[in-house]
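Positions are given from 1, in the same order as the sequence printed here. What you are looking at is a predicted structure, and each value in this text was computed from that prediction instead of being measured. Atom set for the values below is all heavy atoms of this structure, side chains included, hydrogens, waters and symmetry mates excluded.
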Amino acid sequence: MSLDIFNNKEVQDLLKAATNLEGGDGNPRFKQIVNRLLSDLFKAIDDLDITPDEVWAGVNYINQLGRDGEAALLAAGLGLEKYLDIRMDEEDKRAGLEGGTPRTIEGPLYVAGAPVREGVSRIDVNPDADAGPLVIRGIVSDTTGAPLANALVECWHANSKGFYSHFDPTGAQTEFNLRGAVRTGPDGKYEFRTLMPVGYGCPPQGATQQLLDALGRHGNRPAHVHFFVSADEHRKLTTQFNIEGDPLIWDDFAYATREALIPPVVDKTGGEKLGLKADAYKEIEFNFVLTGLLQGKDNQLVNRLRASAQA
Ligand code: MBD
Ligand code: FE
């Protein structure tokens, strides 16, 4: 039973005071957003009779989430990052921007600074006995199909344990293992020689998994490979593909799977000639189509805190 006090003058005055809504100082946009979010929280407490115990459990949870460094992981798991994609998709639709490779979420595990190679990069640096060789290759083009020279394709993915270098709790990987960047030539081609990834799982003792447990959800992703693709006069694409056949493909805790992002995995031989660790290998051909700028601007560039390292 709600006490229905949200609209009382005392509460509304408190919200205005707490966010300095009527004062001249502070950042107007920031004040507007904090006022709205705080108001929605106050209203939810009133509507749902959220108890003091529940409020303090939530406050303490935020502290734990920060201690674990998992706020961006939780944002992916709660669909917040997917929601931003849904909004950008709708913006594109309304602007008539069509024909590009679909975007999907970046996730929290990119590391800036991978060495840039011309055309081809071998990115498996550390041995991984449980992972077979994988070649990922394709062409970067514009929406007319013309290859884009000088495009930069960045790639990052997990090892056979589902761990990413730089964030690997086992210490098994050096900086930039399974992370790379390739500059396309006039043919628009890129190629990564690497190892087959396995799906990621949230740290079992972390705050994200704790919340997912309470929701009755798992914290796993199907095997996938992330990409940033950029080229002059085009919008930077953030996307991933999934490894076909993974049982979690349509049960991703971060909601990143899209129909057009599940390329076929093809069995090949001749890996020894390519310098791969075995002659039999898997190949995934995946082409990227970049869309043009919108009124001269890349409206899908996202600024967020990202890790970086020196190769
Ligand atoms: C990942 O590898 C990832 O891609 C996302 C979105 C969240 C956690 C781990
Ligand atoms: Fe990932």
> Taking only residues two or more places apart in sequence, or in another chain, which ones meet R94 in a salt bridge (charged side-chain N to carboxylate O under 4.0 Å, His left out)?
Replying inline: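 Testing R94 for salt bridge (charged side-chain N to carboxylate O under 4.0 Å, His left out), a comparison that skips the adjacent residues, returns E90.
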
>> side chain to side chain contact (heavy atoms under 4.5 Å, CB included), that's the test. Do C202 and L73 meet it? Break it down for me.
In response: CA-CA 8 Å; C202 289; L73 181 62; 4.0 Å; yes

So, do [X] and [Y] sit near enough that their side-chain heavy atoms are less than 4.5 Å apart?
X: T101; Y: R258; result: no
X: E259; Y: W250; result: yes
X: R137; Y: F286; result: no
X: L195; Y: S160; result: no
X: P197; Y: V225; result: yes
X: D246; Y: N242; result: no

>> What verdict does the side chain to side chain contact (heavy atoms under 4.5 Å, CB included) test give for I136 and F241, after you've listed the backbone C-alpha separation in whole Å, the side-chain angles of each residue and the deciding distance to 0.1 Å?
In response: CA-CA 11 Å; I136 301 166; F241 62 62; 3.8 Å; yes

Short N-O contact, [X] and [Y], less than 4.0 angstrom:
X: D40; Y: R36; value: yes
X: R179; Y: D124; value: no
X: E191; Y: R193; value: yes
X: E272; Y: K277; value: no

Can you check whether [Y]'s main-chain N or O pairs, donor with acceptor, with [X]'s side chain at less than 3.5 Å?
X: Q210; Y: L65; result: no
X: R306; Y: Y110; result: no
X: N159; Y: K161; result: yes
X: E283; Y: V265; result: no
X: E81; Y: E106; result: yes
X: T238; Y: I105; result: no
X: H218; Y: D251; result: yes
X: S121; Y: I123; result: no
X: T239; Y: P102; result: yes
X: D68; Y: E70; result: no

Write down the atom of [X], the atom of [Y], and the distance for their closest heavy-atom approach.
X: K31; Y: G23; answer: NZ-O, 2.8 Å
X: D187; Y: I139; answer: O-CG2, 3.9 Å
X: K9; Y: D13; answer: NZ-OD2, 2.6 Å
X: F167; Y: A307; answer: CZ-CB, 4.0 Å
X: P263; Y: E244; answer: O-CB, 3.6 Å

> Stepwise, does the side chain to side chain contact (heavy atoms under 4.5 Å, CB included) test hold for Y200 with N220?
Replying inline: CA-CA 6 Å; Y200 169 94; N220 301 310; over 6 Å; no

>> Quick check on K282: does its NZ atom have over 12 non-hydrogen neighbours (other residues, nucleotides or ligands) under 6.0 Å away?
In response: no

> More than 12 non-hydrogen atoms from neighbouring residues, nucleotides or ligands closer than 6.0 Å to CZ on R29, yes or no?
Replying inline: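 Not buried by this count: 12 neighbours or fewer within 6.0 Å.
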
> According to a 4.5 Å side-chain heavy-atom criterion applied to Ile, Leu, Val, Met, Phe, Trp and Tyr, with indirect links allowed, do V153 and I284 form part of one hydrophobic cluster?
Replying inline: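 The answer is yes; both residues are in one hydrophobic cluster.
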
Say whether [X] and [Y], considering side chains only, have a donor N or O and an acceptor N or O under 3.5 Å apart.
X: Q209; Y: D213; result: yes
X: Q240; Y: R221; result: yes
X: S165; Y: N177; result: no
X: N126; Y: Q173; result: no
X: D4; Y: S2; result: no

>> Working to the nearest 0.5 angstrom, can you tell me the gap between R117 CZ and F192 CZ?
In response: 11.0 Å

> Would K236 and V229 satisfy side chain to side chain contact (heavy atoms under 4.5 Å, CB included), going step by step from the backbone distance to the final call?
Replying inline: CA-CA 6 Å; K236 177 176 171 177; V229 188; over 6 Å; no

>> Angle between ring planes, Y190 versus F227, binned at 30° and 60°: parallel, tilted or perpendicular?
In response: perpendicular

> Can you name the one residue among D298, D142, D92 that meets salt bridge (charged side-chain N to carboxylate O under 4.0 Å, His left out) with R235?
Replying inline: D92

>> As a quick check of understanding, evaluate side chain to side chain donor-acceptor pair (under 3.5 Å) for H157 and T194, giving each step before the final call.
In response: CA-CA 10 Å; H157 66 81; T194 187; 2.8 Å; yes

>> For T51 and D53: C-alpha separation, side-chain torsions, deciding distance, then whether side chain to side chain donor-acceptor pair (under 3.5 Å) applies.
In response: CA-CA 5 Å; T51 66; D53 293 18; 5.1 Å; no

> What about the rings of F228 and W156, do their centers lie closer together than 6.0 Å?
Replying inline: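 Yes, the ring centres sit under 6.0 Å apart.
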
> Checking side chain to side chain donor-acceptor pair (under 3.5 Å) for the pair T269/D279: CA distance, chi angles, key distance, verdict?
Replying inline: CA-CA 5 Å; T269 55; D279 199 59; 4.7 Å; no

